[in-house]
Every structure is written in structure tokens, then in C-alpha cells.
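One structure is given here, and the rest of the page talks about it.
Whatever order the structure lists them in is the order used to number ligands and atoms, beginning at 1. Here the structure is a predicted model, which is why all the values come from computation and not from measurement.
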Amino acid sequence: MEEINHVAVLDFGSQYTQLIVRRVRELGCFAKLYQPENLAEIGKPGAIILSGGPSSTSDEDAPDIDFDLLKSYDVPVLGVCYGMQLLNIKFGGSVKSSKHREYGQAGLFPVVSEGLYAGISAESQVWMSHSDTVDHLADNCKIIAKNQHGTPVSLQWGETFYGIQFHPEVTHSHEGTQILKNFLNTCGELAEFKIEDFKQELIEGIQAKCGNKQVVCGVSGGVDSTVLAVLLNESGVNVQAIYVDQGLMRKNETAEVEANFKRMGVPITVVDASERFLTALAGEADPEKKRKIIGNMFIDVFWDAVGNAEMLAQGTLYPDVIESASNENSKASTIKTHHNRVDRILEMQKEGKVLEPLAELFKDEVRELGATMGIAQDILNRHPFPGPGLAVRCPGDLTKEKLDIIRDCDAIFIEELKASGWYEKTWQAYAGLIPVKTVGVKGDERSYEFATNLRAVISEDAMTADWVDLPTPLLRKVSSRILNEVDGINRVLYDISSKPPASIEWE
Ligand code: XMP
């Protein structure tokens, strides 16, 4: 598909480059990422954006750009951070290294009120991350915004070349999206971003890479792997979904996942490894050891099932790619990435046998893509569920009896959340087990049973979370149902701990 009038984003290595692409797409324009050395292969763009990057323009091997070629496209160009410094040099100015790195919030004071800064506040906040700054300005350059110290942070060369020192793509730049929009407004008509077109592009990529080969993909029933499997199936490639039942899934989950895949016409193999997992976990109470047993066994079981695959597809998303690199604290993404990057997978990757078609997308885009393929909303809007499953919701050693109790409590809690409209308003919710027996009275009899903890949180990225203030009548109903319907529980507690210091899961 030839790209016409799209926004070509040239990647100079910033971890936020994909976020620029995403913001442009959010503004309704089709954007695509390219490496600067492939400048000749960007089709007929309507605008070009040069991203930021970790290098200094004075580095010996600093990434460069073919400036004559860039100019020959004759379209508006925006340089962000490194991109701005590079443009300033290309126009004949210079850049100087600074001793201190400017990192974090800064003031933005536009000098002009049209073009990039139309409708932008006289004093705004932006986010910076750089150490080099522009020094001499080229002859045709004018300053269009400064920071709180009067230093130029935004330049314009001629009529159509712009530069900004800050990162408009991050939310900490309060009016960043408007500045990007203003830039796009200076361009002629740009190609529209439609998820269907994007899907078509993904399908063509999958077909080109897979041909007639058999493609396997691990599925969990979650959004990412389901969308991936359905997309592969729609591409007409020979796909086989593999689902490993570790015995740590929620009530009826395995059967539901299998039924969903069958309904969607995607071939699925369910590997029942529950005995194997529970036997290996028996008597182990240490959280880290439990995780290790589960992680290693999952890889072994999965590998037994897919070892001979000609191609392996993974539902890696863009945040998995960047967060794991930049954020050691993000347990979910590090662990997912860990799974997606074990040695054997890295080997397959070298042989060109790994396919990650969703790696450019963010979660909400994956949901949108899934909706275009008819995947049910209740699958697309499912809460996240951890890889080690119920094991992290059952402190101490695991038994089938304890897991069954969790399953029953959880099913009631989730059912009531859905019935009351609170499921959609929470980011993640579950019932876990507190493996401490306490005394109670059931009927006329003394009981000595476990307690369950209900947890419902809101979060943006799982890094921080707050508990949800669920209405008392709802909690009362859930508690009453659990106490009446679940054998083995005589106490229901509601977890009112934020993260930090608590975590979302109990282990
Ligand atoms: P915590 O408990 O660390 O959880 O606050 C943050 C988010 O990560 C999920 N989680 C995991 N996801 N493998 C996963 O795929 C794991 O080992 C794992 N541990 C926690 C958790 O459900 C929450 O959404």
C-alpha cells in the first residue's frame, strides 16, 4: 500500500517516538514510523516529524539526516528535541553541550500566537529531557517560544520548518497535543487514520511474513492474545492457538476461553497441565518460589506444545516494549516481556520465526482493532489477569480446595460488580483467600473457616492504584452471598489499601 499524505515520523531513538505516532493517530491522521536512513522510502508524506533521541549532535556517530532529500519532500517538518537541534545545525546554526541536563517540567512562553502556538496559553507547562541546547541560530531562523529563563525552546526556519525543544507527546506537556494539532493544521490535507486501514496493513504484513507456514500463538483469553489470534485467523494464515491450563484459572474460565475461540472459528488446543502445576507447587509457601515454579513450568509446557512451530506469534504491545526497558518497577510488563523474551524465543527471533504484529499498538487501539473483527465487548473490556493466575491471590501454600474457594468467591464478586455496573468502573477486581481460619457461627454450629478479601482498584498503568469506594449495599450483598453460598468461608473483608505501599495482588 503506497503511503500518501501521511505523517512520516523519523525515529532518532527516543523512547517516546511511538507516542508521537500515537498522538498523531489520535488527532485523526495516519502516521507511520521510519528510520532516518530510510528517508527515501517514506512514500509521499504530507508532513514529517523528526523525533527526539538519546544522542548528542556532537557525538561521532550521532544519527544524521539527508537534508537535501528532506527538503525535497517540500512538506512541513517538525523537529522535536534532538530533531530540533539537528535542524538548527542543518540550517547553518549550532548546538552547544550543556553541563546540566534539563529534565522534567519547564515553563513555555510563546513569542507568537499563530502557527504552532495558536490558542496556546501565554504561560504553559511542558516536559523537557535534554542536555544540549541550540547556540547560534541560522539566518532564516526566528524564535517562536522561550522557557522561563528566556532561553529559546522553539524555532521556525523559513515558512515550513519548526522545532520544539520539549516533548509535546507526553501528558506532562499540558498543551502538547494542541501544539501537535497546530502543526498538523499547517499541513495540507493529511491522510485519515482508520483502524480498518491499519488492520489491512497488519494483515498484509502477516501474510508476507507467514505465507503457508504454520503459526502458533499462546493465548490466555485476555485481550491482547485474543485479538492477535483472531487477526492471524483473518489473515488467512494457518494458525493454531495454544492455551495452557495451569489449574490456576478462575471459575469456568478454561471452558469459556475454548468456547469463545471455537465460536470465532480460531483453532485452539487446550493443554491441561493443572495436575503438573499443582503437584509442583504442593507445600510451597514462598511467593517468589511459587512464581518461579509457575514461570518455568509454563515455559516448559508451552514449549513442548509449540517447539516445532514454523512461526511463533506473540501479543506483545508497545507499552510492553518500552515499559520493560524503562521501568524496572512495572511487574506486569517486565514479567510478560520476560516470558516473551526467553532464550529460546530470542533464538527463534534471530531465525525470523517470531511475529509480533501488535507491537506498535497501545491497549485501547488493540481493543478498537478487536471490535472491528467482531470480538465481544466483554472480552475486550476484561480486567487484567496475572500470568501466575490465582496463585498470587492465595498467600501461602496452594491446594485445590483453597483455589476452589477463591473461584467461588471471585465468581460471586465479579457477577455482582457486573450486575451493578461497577465492573466497568473498576480497573481490576477480584476475591482472594486469607489463609487464616477464624471462629464463626453458621446455623447453630461453630465454624472454623478461612476469610476472603475483596479487592477492587482503579489504576492507569498498574504502577499506582487506589481502592474503589464501592457502595455499601453492593458490598453487603456480595458478603451475604459469599457467606451463604461458599463453603469454607465465614468472613469477608474489603481491602482498602492503596498501591503503594500495598500492591494490587497479595503476592
Ligand atoms: P501488583 O500486584 O504488582 O500488580 O501491584 C500490578 C499488575 O500486574 C499484574 N501482575 C502480573 N501480571 N504476571 C502478569 O502477567 C505476573 O506475574 C503478575 N503479577 C502481577 C496484576 O494483576 C496487576 O494488574
Can you list the ligand 1 atoms lying under 4.0 Å from a non-hydrogen atom of [X]?
{"X": "R291", "answer": "16 (C), 17 (O), 18 (C), 19 (N)"}
{"X": "A462", "answer": "6 (C), 7 (C)"}
{"X": "S503", "answer": "1 (P), 2 (O), 5 (O)"}
{"X": "K499", "answer": "1 (P), 3 (O), 5 (O), 6 (C)"}

Using heavy-atom distances only, which candidate in A502, P384, P386 approaches atom 18 (C) of ligand 1 most closely?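 When every heavy atom of A502, P384, P386 is considered, P386 comes closest to atom 18 (C) of ligand 1.
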
Mind checking what makes ring pair (Phe, Tyr, Trp, His ring centres under 6.0 Å) contact with Y448, not counting sequence neighbours?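 If we apply the ring pair (Phe, Tyr, Trp, His ring centres under 6.0 Å) test to Y448, skipping adjacent residues, there are no hits.
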
Mind checking whether W506 contacts ligand 1 via backbone (N, CA, C, O), side chain (CB onward), both or neither, at a 4.0 Å heavy-atom cut-off?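 It is neither part, as no heavy atom is under 4.0 Å.
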
Can you name the residues that form a salt bridge (charged side-chain N to carboxylate O under 4.0 Å, His left out) with D364, not counting sequence neighbours?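 Partners of D364 under the salt bridge (charged side-chain N to carboxylate O under 4.0 Å, His left out) test: R22.
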
Flag the pair [X] / [Y] as yes when at least one side-chain heavy-atom distance between them is below 4.5 Å, and no otherwise.
{"X": "E356", "Y": "Q349", "value": "yes"}
{"X": "L398", "Y": "L390", "value": "no"}
{"X": "L361", "Y": "V227", "value": "no"}

Would you check the N or O atoms of P388, main chain and side chain alike, for any that come under 3.5 Å of an N or O of ligand 1?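 In fact, backbone or side chain, P388 has no N or O that close.
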
Does an N or O from E505, backbone or side chain, lie closer than 3.5 Å to an N or O of ligand 1?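 Among all N and O atoms of E505, at least one is under 3.5 Å from an N or O of ligand 1.
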
Y423 vs H383 aromatic rings, parallel, tilted or perpendicular, using cut-offs 30° and 60°?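 Because their plane-to-plane angle is under 30°, the rings of Y423 and H383 count as parallel.
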
Please state whether M463 comes within less than 4.0 angstrom of ligand 1, counting heavy atoms only.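 The answer is no, since M463 has no heavy atom less than 4.0 Å from ligand 1.
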
Determine, using heavy atoms of W427 and all atoms of ligand 1, whether some pair is separated by less than 4.0 Å.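 The answer is yes, since W427 has a heavy atom less than 4.0 Å from ligand 1.
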
Does the Lys NZ or Arg CZ of R25 fall within the cation-pi geometry relative to F198 - under 6.0 Å from the ring centre and within 45° of the axis?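 Satisfied, under 6.0 Å and within 45°.
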
